[in-house]
Q: 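A single structure is presented below for examination.
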Amino acid sequence: MHPMLNTAIKAARRAATIINRASFDVDRVQVSEKQYNDFVTEVDRAAEAAIIEVLTSAYPDHAILAEESGASKNLHDDNENVWIIDPLDGTTNFIHGFPQYCVSIALQQKGVITQAVIYDPSRNEMFTASKGGGAFLNDKRIRVTKCDKIADALIGTGFSGRDMAGLDEYMEMYKIMTQKCQGLRRPGAAALDLAYVAMGRLDGFFEKGLAPWDIAAGSLVVTEAGGIVGTFAGESDYLYKGDVLAGTPKVFGQMVNALQVFAK
């Protein structure tokens with residue numbers, strides 16, 4: 001296993017200890033609203049601080065792009081190593097005691113995601129990937145399903161509750177996909193949805209308006225598991241554009257055909 005991936009796993013487990021401890025008494029967790037329907041807790045901040053401490057202790061010259069603390073001072077064009085962090089993807093689920101949330105950590109090197117960890121602490125499921133080395137769930141190799149028809153596919157999706165302006169467009173997409181696929185699910189943690197595509201619990205996934213920390217780790221896990229990730233137009237510049245489709249190779253193509261009208 002790559003040493004940088006080992007470090008990311010250590011950081012994810014450190015964060016998970018904080019998350020699990022808080023999950024036993026969620027009612028006591030302090031919650032604040034960053035903007036409408038966009039929440040952050042003391043757990044998000046503490047978990048992120050723990051992740052950053054582990055990563056920067058091992059790699060002090062590496063830059064950080066994290067959901068809560070933002071970009072580190074050394075994040076600039078000539079920094080070749082950037083850790084992209086979501087300490088608690090699915091915060092709204094967490095504060096309601098709904099066990100669908102995760103820690104997401106990715107390493108971007110020279111603009112390419114090379115290491116990825118997605119850890120679900122409630123199920124003790126550790127998804128990992130290294131570029132060119134395959135994708136794994138708890139050290140067991142995983143692959144996307146062999147599903148080749150969208151009509152047979154179980155598809156994941158997401159919609160940000162803070163973006164009411166996009167609700168009508170999302171409902172149009174929801175209607176189209178509901179008519180085309182076997183089932184549509186909205187669990188509420190995009191990084192985990194992408195991991196589920198990688199290991200076959202879902203055959204595809206789509207969502208608009210995501211941040212890099214929602215996408216980075218999951219995109220590598222999916223591609224290393226044999227899937228495809230792209231924009232709604234099927235292009236590769238999804239990480240900072242934020243509009244993402246993922247799926248088995250044939251389902252991905254059929255999703256692009258169905259949803260490319262919504263591409264920006």
Side-chain angles (χ1 to χ4, degrees), residues 36-38 89-90 92-93 96 98-102 104 118 120 127 135 142-212 214-264:
Y36 177 73
N37 268 355
D38 187 11
D89 185 29
T92 300
N93 287 345
H96 286 276
F98 186 75
Q100 188 75 7
Y101 48 81
C102 65
S104 178
I118 297 170
D120 177 350
F127 299 88
I142 55 176
R143 299 285 297 179
V144 297
T145 68
K146 296 179 180 179
C147 183
D148 60 2
K149 295 179 181 178
I150 196 169
D152 298 330
L154 183 65
I155 305 292
T157 185
F159 174 74
S160 172
R162 63 181 179 270
D163 181 24
M164 293 298 107
L167 182 58
D168 288 343
E169 180 184 57
Y170 178 74
M171 294 309 295
E172 288 183 44
M173 292 189 289
Y174 190 93
K175 181 178 179 180
I176 289 170
M177 293 304 294
T178 297
Q179 292 172 333
K180 288 186 175 294
C181 72
Q182 196 168 91
L184 202 56
R185 302 290 182 265
R186 181 182 178 261
L192 210 48
D193 293 337
L194 288 166
Y196 282 8
V197 173
M199 61 87 59
R201 289 176 183 161
L202 294 170
D203 303 298
F205 170 76
F206 69 95
E207 185 167 355
K208 303 197 79 173
L210 292 170
D214 298 315
I215 304 167
S219 65
L220 182 63
V221 176
V222 170
T223 55
E224 287 297 322
I228 301 178
V229 182
T231 66
F232 278 52
E235 299 169 349
S236 62
D237 57 338
Y238 53 83
L239 186 59
Y240 292 96
K241 183 170 285 186
D243 295 350
V244 176
L245 296 179
T248 70
K250 291 189 176 180
V251 169
F252 175 84
Q254 292 164 54
M255 290 174 68
V256 169
N257 288 338
L259 297 175
Q260 61 184 333
V261 65
F262 300 101
K264 292 181 179 179

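It should be emphasised that the depicted structure is a prediction, and the values quoted were computed from it without experimental measurement.
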Q: Output, in order, the C-alpha distance, side-chain angles, deciding distance and verdict of side-chain contact (heavy atoms from CB on, under 4.5 Å) for T231 and K241.
A: CA-CA 8 Å; T231 66; K241 183 170 285 186; 4.1 Å; yes
Q: Is there side-chain contact between L245 and V256, with at least one heavy-atom pair below 4.5 Å?
A: yes
Q: Quick check: does any side chain N or O of S104 sit under 3.5 Å from a backbone N or O of I118, one acting as donor and the other as acceptor?
A: no
Q: How long is the gap from CD1 on I150 to CG on N257, to the nearest 0.5 Å?
A: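 Reported value, rounded in 0.5 Å steps: 9.0 Å.
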Q: Determine whether Y101 and L192 make a side-chain contact, defined as any pair of heavy atoms from C-beta on separated by less than 4.5 Å.
A: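 Sidechains of L192 and Y101: no contact.
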Q: Check V221 against A135 and note the closest heavy-atom contact, atom names and distance.
A: O-CB, 3.4 Å
Q: Between the side chain of D214 and the main-chain N/O of A211, is any donor-acceptor distance below 3.5 Å?
A: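 Yes; at least one donor-acceptor contact below 3.5 Å.
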Q: Looking only at heavy atoms, which two atoms of E207 and A190 are closest? And how far apart?
A: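 The answer is OE1-CB, 3.9 Å.
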Q: Using modelled atom types and a 3.5 Å cut-off, is there a donor and acceptor pairing between side-chain atoms of K208 and backbone atoms of F262?
A: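 Here the side-chain-to-backbone pair exists.
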Q: Rounded to the nearest 0.5 Å, what separates atom CG in L184 from atom OG1 in T178?
A: 4.5 Å
Q: Using a distance-only test with no angle check, is there a side-chain donor-acceptor pair under 3.5 angstrom linking D203 and T145?
A: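 Yes, T145 and D203 have a side-chain donor paired with an acceptor closer than 3.5 Å.
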Q: Kindly say whether A198 contributes a backbone atom to a donor-acceptor pair with the side chain of E224 at under 3.5 angstrom?
A: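 A pair under 3.5 Å: no.
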Q: Backbone N or O of L220 within a donor-acceptor pair of the T223 side chain at under 3.5 Å?
A: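 Yes.
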Q: To the nearest 0.5 Å, how far apart are CG in L202 and SG in C147?
A: 11.0 Å
Q: Report the distance from atom CG of L167 to atom CD of E172, rounding to the nearest 0.5 Å.
A: 10.5 Å
Q: Just verifying a value: how many Å separate Q100 CD and R185 CZ, rounded to the nearest 0.5 Å?
A: 12.5 Å
Q: With the side chain counted from C-beta on, respond yes when F127 and L194 share a heavy-atom pair under 4.5 Å apart, and no when they do not.
A: no
Q: Of all heavy-atom pairs between A246 and M255, which one has the smallest distance, and what is that distance?
A: O-SD, 3.9 Å
Q: Which is it for M177 and L259 under the side-chain contact (heavy atoms from CB on, under 4.5 Å) test, yes or no, and what are the steps along the way?
A: CA-CA 8 Å; M177 293 304 294; L259 297 175; 3.9 Å; yes
Q: What are the two closest non-hydrogen atoms of C102 and A191, and how far apart are they?
A: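 That closest heavy-atom pairing would be SG-CB, 3.8 Å.
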Q: Are the side chain of N93 and the backbone of P187 linked by a donor-acceptor contact shorter than 3.5 Å?
A: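 Between the backbone of P187 and the side chain of N93 there is a qualifying donor-acceptor contact (under 3.5 Å).
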Q: Hey, could you give me the CG/CG distance between D152 and L154, rounded to the nearest 0.5 Å?
A: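 Going from the CG atom of D152 to the CG atom of L154 covers 11.5 Å.
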Q: Minimum heavy-atom separation for Y238 to G230, with atom names?
A: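 Closest pair (atom of Y238, atom of G230, distance): CD2-CA, 3.7 Å.
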Q: Given side chains that start at C-beta, do those of V251 and V144 come closer than 4.5 Å, heavy atoms only?
A: no
Q: Are F252 and Q254 packed together at the side-chain level, in the sense that at least one heavy-atom pair is separated by less than 4.5 angstrom?
A: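 No, every pair of side-chain atoms sits at 4.5 Å or beyond.
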Q: Output every pair passing ring-ring contact (aromatic ring centres under 6.0 Å, His included) with a member in residues 164-196, not counting sequence neighbours, ordered by first then second residue.
A: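 Sorted result for residues 164-196: F159-Y170.
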